[in-house]
Amino acid sequence: MARLIRTEKEVEGRFEEVWLVVEEDPLSQWPAGPRDVVGRAATRKDALERVRGEARFTADIRLPGMLHAAVLRSPYAHARAARVDLAPALALPGVRAAIGPDDAPGLETEAGYVGAPVAAVAAETDAQARAGAAAIAVEWEQLEIVVDPEEAVERGLLHGEPERYERGDFDDAVAHADVVVEGTYTTSVVLHNALETHQSVCEWVGDRLDVYTSTQYVWGVREEVAKGLGIAPDKVRVVCEYMGGGFGAKNSAGEFTFAAAVLARATGRPVRCALTRREENVAAGNRNGTIQKLTAAARSDGTIVALGGEFINALGWDGWSASTEGPMKMLYACDNVRTVRSTAKINTPPMKAFRAPGFVEGTFGLECIVDELAKKLDLDPLEMRRKNDATSNDGTPYSSKNLAECYARAEKHWERRHEVRARSDARWKRGVGMASQVWYGGGGPPSYAWTRVGSDGRIVVVTAMQDIGTGTRTAMAQIAAEELGVPLDRVEVALGDTARGPYATLSAGSSTTPSVGPAVRAAAADAKRQIVEIAAQRYDLEERVLDIRDATIVSADGNLSVDLTEFLSMLGNAQILGKGARGPNPTGMSVLTFGVQVVEVAVDVETGEVRVERVAAIHDVGRIINPLGAESQVEGGIIQGIGHTLSEQRLLDPETGRVLTTTLDAYRVPTIADVPEIVCEFVDEPDAHLTNLGSKGLGEPPIVPIAAAIGNAIRDATGADVHGLPITREEMLRALKERRGAPAAV
Amino acid sequence: MKLVVNGEEHVVEVPVETSLAEVLRDELGLTGTKVACNEGHCGACTVQVDGMPVLSCITLAHTVSGRVTTIEGLRDHPLVAAFVRADAVQCGFCTPGQVVSAAALVAASPEPTVDEIRHAMAGNICRCGTYPKIEEAILHWRD
Ligand code: FES
Ligand code: FES
């Protein structure tokens, strides 16, 4: 039965009070452990077409008569386009239409960063479109720019009011503590750089708009485009069957989609608008930098008595302010916590969510300072963490938490530190560090799925979700196959099209599997129930004695055993349609993911080079649907995290606000040569309170602790405290010098 | 100009500044070759010319006289199955380029060491981080 509830909905750690219609879900969870299909390693349903280059990405879509669009971007970090003359562009060969500020959502007169979109041109070829955009004459009025976040905070240039949080009596706890450690930690801007750049192809069919776009949220783009263009959502169809990576930057429509849609309407032809790699590096979003002034205080027995932080989120011109203080509030059972987070509005490119926004940054600072505290107290960092493990989320009980088990499993990796250190020599110092992880990942309603069972005994799961490369298509197929009692190869998943499936949530916030998975199971169960009903009539048996196992309809007494396909063949063209909805999250409980990573590093004390040699990752995300895909998620998150910890550095000219690192040569993402040995383990214990699956999301947790674990391993190896990401050779040498007592070179 | 791609000869008329990637994708419809940076930094557009890996986005089509092999010509290569088995694919945007590079590697060195793999594949960026699985796929490409 449908039920209307008022509830908190969480996405990427952001909470909203919303009305939700939820459907009760009477299915009880499967017992823990591997089942016939769920919990067993499966290669991806869509691996073959992706590997063979047959998967059609947005980048590959070529519609008949398609034009190419290019966006004119601001050359100034803060300026107003007083006059925009499109005529010179329109006079150029091949140019078919041009639009300026206010002609499409996202194109604006006031540019708040270098690269802000101002106007757009559609032409026969991409080169002609770019020439057209360059020819647009803009009269710019330059405005004052501020790119320094601390200056912005001082001057009150903020997004919203500072966020404050306090529990207990922080000042008193610090005053009475045995040890107090203070430190300033910084994290830099990180660029997503998904290999498929942001792009859309738009085509009008009568008064309907088809949008092919590289997105993490087909349904969200549908809403946003409809609203932005003032048309009914049902007139907009959004399609994304395969997409080339998002990492959080592709949750919304973007100016390129609106420009393509408006230019397509103006020309009567399909229009493609794709960012170049260089545009991607300035105008497609980023993980914002942070400054974290932290205090940690403890008793001599290692009990953490106070944690405090003044955080600045250097947000850029736009974006939202993620909870950098979240880990400080949630990871430890500390009674006295005080945080304040200011969000600087500066003339740099806008923030967009990036894989556990806020928590990646905040965990770096927190988990480094906790280790510094342990060092001061001469305590074992693992024991320190165990001792202070939180028992509730600020008073709210957990739906499930197995961090203690993660710690137990981390022991054998942690034990290696003596042997690892012993392998140091005069030049290469080796050490081991760890860091813990807390993050969301419980998903929530609404999300829906349908199942279609044909007379050929094959099953299609239909839902308007998307698979952004995380393997969700495969996980959904496994869930349906498990519930219906058929092998995995009988199930296909049709997704990525708002016109052809029911609503499903976005692929972000580690929410896809825990949100859509339960709906898929419910839809499969609905189809199964109908099959059983028909079989009961056909064989004159009671429904309750019938089941489907190994694609065979069986009776409890074993007298009936009919091949499912054979049975269904009597249906002819009739189909069995199942539908399912995501039930509510448990009320009054915190649904969180946990984990710990143990990292081994080698530091060249002469050059400052840091090599990560081994990472052991143990995560608790409830039931694992596909251990193979889960392992890939962990490896991918860790490798991406090694990038922002060691090599990825976005440089900005402080005079002009211009991004200097706009290529994949200048902005150094990890290559295969940078990859350490990665060992990964899952606690794999279903969350008994969470839906019919007990599964949480895994896309983000692995990237959360890696930077701090590396920083702590560096301290173990060299005694030096690194406080800034990325840990470039300069930062490493600075920390080593500081450690030796020499004046710090900057 | 004439271009031999995957054993087939094509005649195409394109301006001199056209890249090999553009010809493959836009003229011949071979969209398996991906373009992710268009400036020679990522390896997504890798094809083989006479068996050697080449970045098609920074190769002018008119300069190509050798035989071009794209992912479409390698669809039945054992590496494809090895990539699938090892889960060496997440979003898949880099993957065709990875397979083309790997195919050149195993042709030259059928039993590559980890170091050889890392050396040969270092120009193929995978932002999803499938590297451990790629290594595994190449190590066991004939299994
Ligand atoms: S697309 Fe050619 S190297 Fe990146
Ligand atoms: S699989 Fe996504 S970039 Fe390699």
Side-chain angles (χ1 to χ4, degrees), chain A residues 41-44 46-57 59-62 127 192-197 242-247 276-278 280 467-471 626 628-629 631-633 635-643 663-666 669-675 677-678, chain B residues 15 17 22 25-26 29-44 70-72 74-76 79-100 115 117-135 137:
Chain A
T43 59
R44 288 169 199 243
D46 53 4
L48 199 60
E49 60 260 34
R50 293 199 200 237
V51 177
R52 286 162 54 118
E54 293 160 335
R56 186 168 301 157
F57 293 84
D60 302 323
I61 287 171
R62 301 281 182 276
H192 305 72
N193 266 316
L195 277 205
E196 184 182 35
T197 62
Y242 299 97
M243 74 89 88
F247 314 115
T276 63
R277 178 57 49 191
R278 293 182 185 215
E280 190 76 12
D467 186 336
I468 65 171
T470 52
N626 181 3
L628 180 61
E631 196 176 274
S632 287
Q633 279 301 298
E635 291 169 353
I638 286 171
I639 291 164
Q640 213 166 54
I642 289 174
T663 68
L664 284 173
D665 191 35
V669 304
T671 73
I672 195 168
D674 303 310
V675 174
E677 178 192 353
I678 299 174
Chain B
E17 69 270 19
E22 285 173 296
R25 289 175 53 80
D26 296 334
L30 298 172
T31 54
T33 301
K34 304 300 175 201
V35 173
C37 73
N38 210 19
E39 51 190 342
H41 296 150
C42 76
T70 68
I71 184 67
E72 286 84 356
L74 295 167
R75 281 187 173 156
D76 298 321
L79 271 166
V80 168
F83 268 60
V84 172
R85 255 191 333 262
D87 205 39
V89 55
Q90 289 190 31
C91 77
F93 207 78
C94 74
T95 318
Q98 306 275 6
V99 173
V100 174
D115 279 349
I117 293 171
R118 290 183 164 218
H119 185 78
M121 302 300 294
N124 285 84
I125 286 173
C126 174
R127 190 52 164 157
C128 298
T130 58
Y131 300 127
K133 304 298 193 215
I134 290 174
E135 207 171 276

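Proteins come first, then strands; the chains are lettered A, B, ... in the order of their sequence lines, and each starts at number 1.
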Determine whether a donor-acceptor pair (N or O, by modelled atom type, separation under 3.5 Å) exists between the side chain of A/Gln640 and the backbone of B/Arg127. yes
Report the C-alpha separation of B/Asn124 and A/Ile672 in whole Å, then their side-chain angles, then the decisive distance to 0.1 Å, and conclude whether the side chain to side chain contact (heavy atoms under 4.5 Å, CB included) test is met. CA-CA 8 Å; B/Asn124 285 84; A/Ile672 195 168; over 6 Å; no
Option that, when pairs with chain A are counted at under 4.5 Å, heavy atom only, ranks first among B/Thr70, B/Ile134, B/Ile125, B/Leu30: B/Ile125
Contact origin within B/Val99 toward chain A - heavy atom pairs under 4.5 Å: side chain
Can you say whether A/Ser632 sits under 4.5 Å from chain B via the side chain, the backbone, both, or neither, judging by heavy atoms? both
Backbone N or O of A/Asp674 within a donor-acceptor pair of the B/Tyr131 side chain at under 3.5 Å? no
What is the distance from atom SG of B/Cys128 to atom CD of A/Gln633, rounded to the nearest 0.5 Å? 8.5 Å
Check whether any side-chain N or O of A/Arg50 sits under 3.5 Å from a backbone N or O of B/Thr95 as a donor-acceptor pair, and report yes or no. no
Between A/Arg278 and B/Glu39 (salt bridge meaning N to carboxylate O under 4.0 Å), is one present in this structure? yes
At their closest point, which heavy atom of A/Gly53 faces which heavy atom of B/Pro96, and how far apart are they? CA-CG, 3.8 Å
Give the minimum heavy-atom separation between B/Pro132 and A/Ile639, together with the two atoms involved. CD-CD1, 3.5 Å
Start with the C-alpha gap between B/Thr31 and A/Arg56, add the side-chain angles, then the distance that decides, and say whether side chain to side chain contact (heavy atoms under 4.5 Å, CB included) holds. CA-CA 8 Å; B/Thr31 54; A/Arg56 186 168 301 157; 5.5 Å; no
Is a salt bridge present between A/Glu635 and B/Lys133, judged by a nitrogen-to-oxygen distance below 4.0 Å? yes
Take B/Gln98 and A/Val51 through the side chain to side chain contact (heavy atoms under 4.5 Å, CB included) test and state the conclusion after the steps. CA-CA 9 Å; B/Gln98 306 275 6; A/Val51 177; over 6 Å; no
Hey, could you give me the OG1/CG distance between A/Thr663 and B/Asn38, rounded to the nearest 0.5 Å? 13.0 Å
Looking at B/Ile71, is its backbone amide N or carbonyl O close enough to the side chain of A/Arg52 to form a donor-acceptor pair, meaning the two atoms are under 3.5 Å apart? no
B/Arg75 vs A/Glu54, test: side chain to side chain contact (heavy atoms under 4.5 Å, CB included). Steps then yes/no. CA-CA 9 Å; B/Arg75 281 187 173 156; A/Glu54 293 160 335; 3.1 Å; yes
Heavy-atom pair with the smallest gap, counting every atom of A/Ala59 and B/Arg25: O-NH2, 2.8 Å
Could you state the interatomic distance from SG (B/Cys42) to CG (A/Asp665), rounded to the nearest 0.5 Å? 11.5 Å
Which atoms form the tightest heavy-atom contact between B/Val89 and A/Ala47, and what is the distance? CG1-CB, 4.0 Å
Drop me the distance from A/Thr197's OG1 to B/Phe93's CZ, to the nearest 0.5 angstrom. 7.0 Å
Heavy-atom pairs under 4.5 Å with chain A, option from B/Gly32, B/Cys91, B/Gly129 with the top count: B/Cys91
Side-chain heavy atoms of B/Asp87 within contact of A/Arg44, under 4.5 Å: yes
What residue in A/His192, A/Glu677, A/Glu280 has the most heavy-atom pairs under 4.5 Å with chain B? A/His192
Find the one option among A/Ala127, A/Gly244, A/Ala42 whose heavy-atom pairs under 4.5 Å with chain B are most numerous. A/Gly244
The interface call for A/Leu628 against chain B, heavy-atom contacts under 4.5 Å, is both
